[in-house]
Amino acid sequence: MEPMYLSIQPEKTGERIKKLLLEQGYTIREIQGAFGFENPQAIYKWLSGKSLPSIDNFVILSRLLHTTIEDILVIDGDIPHLWGILNQWLNDICHRMIYNRIRSK
């Protein structure tokens with residue numbers, strides 16, 4: 001198997017998040033409230049590309065924006081292969097979340 005070279009572009013991902021927020025009409029304060037953050041600095045860091053959301057925050061963000069994580073991320077590299085990996089990874093996370101919910105009842 002050949003190695004894959006992938007790179008998430010934080011600045012362009014931040015620009016895409018900003019664009020999607022504007023399209024949905026969300027303010028920074030509304031997003032801050034949806035995430036339960038005490039202050040909006042993390043969101044501003046996402047928008048500027050200084051940091052990226054954690055995977056759970058990406059899941060929440062994708063739900064708020066009515067899109068997929070794949071549509072939020074801007075990635076260079078082997079895109080078709082990456083989507084397969086991301087889909088499998090997200091399916092695993094969802095199955096674990098459902099299992100943990102059922103188990104905790």
Side-chain angles (χ1 to χ4, degrees):
M1 180 180 297
E2 305 228 356
M4 283 189 308
Y5 299 100
L6 304 172
S7 175
I8 296 173
Q9 296 185 6
E11 294 85 12
K12 289 188 178 183
T13 297
E15 290 171 14
R16 184 166 293 164
I17 293 170
K18 187 184 304 184
K19 177 181 175 264
L20 291 168
L21 290 173
L22 286 171
E23 287 174 1
Q24 294 289 328
Y26 285 116
T27 66
I28 298 300
R29 292 285 180 206
E30 289 171 327
I31 295 300
Q32 176 187 339
F35 281 92
F37 293 162
E38 299 237 349
N39 52 56
Q41 277 79 6
I43 298 163
Y44 285 117
K45 285 182 181 180
W46 300 344
L47 300 179
S48 69
K50 291 181 181 173
S51 70
L52 291 168
S54 65
I55 187 63
D56 9 351
N57 287 339
F58 260 123
V59 171
I60 294 167
L61 194 58
S62 71
R63 299 261 164 67
L64 287 171
L65 298 173
H66 307 286
T67 191
T68 64
I69 294 172
E70 292 91 349
D71 288 337
I72 298 171
L73 287 170
V74 178
I75 301 171
D76 283 340
D78 188 354
I79 300 301
H81 186 71
L82 175 66
W83 292 149
I85 292 169
L86 280 174
N87 283 329
Q88 181 61 47
W89 185 56
L90 290 172
N91 283 334
D92 291 346
I93 288 171
C94 289
H95 288 195
R96 274 187 252 133
M97 289 170 60
I98 292 167
Y99 174 78
N100 288 336
R101 272 195 197 150
I102 292 170
R103 196 170 151 214
S104 67
K105 288 184 178 182

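In this text the structure is predicted, and so the values were computed from the model without any measurement.
With E30 contributing its side chain and T27 its backbone, the two residues share a donor-acceptor pair below 3.5 Å. In this structure a side-chain-to-backbone donor-acceptor pair under 3.5 Å is present from Q32 to E38. Using a distance-only test at 3.5 Å, with no hydrogens or angles considered, no donor-acceptor pair links the side chain of Y26 to the main chain of L65.
The distance from atom CD of Q41 to atom OG of S51, rounded to the nearest 0.5 Å, is 11.0 Å. In this structure, CZ on F58 lies 11.0 Å from OG1 on T68, to the nearest 0.5 angstrom. The OG1 atom of T67 sits 9.5 Å away from atom CG of L61, with the distance rounded to the nearest 0.5 Å.
The two residues H66 and Q24 have their closest heavy-atom pair at CD2-OE1, 3.4 Å. L20 approaches D71 most closely through the heavy-atom pair CD1-O, 4.5 Å.
Residues I55 and I69 meet the side-chain proximity criterion, which asks for heavy atoms closer than 4.5 Å. Put simply, the side chain of I75 does not reach to within 4.5 Å of the side chain of Q9, judged on heavy atoms. At a threshold of 4.5 Å between non-hydrogen side-chain atoms, the residues P40 and I28 count as touching.
V74 and I17 fall into different hydrophobic clusters, where Ile, Leu, Val, Met, Phe, Trp and Tyr residues are linked whenever their side-chain heavy atoms come under 4.5 Å apart, directly or through other members.
N57 pairs by the side-chain contact (heavy atoms from CB on, under 4.5 Å) definition with F35, F37, W46, P53, S54, I60, not counting sequence neighbours.
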Derivation and outcome, salt bridge (Lys or Arg N to Asp or Glu O under 4.0 Å), residues K19 and E23: CA-CA 6 Å; K19 177 181 175 264; E23 287 174 1; 3.0 Å; yes
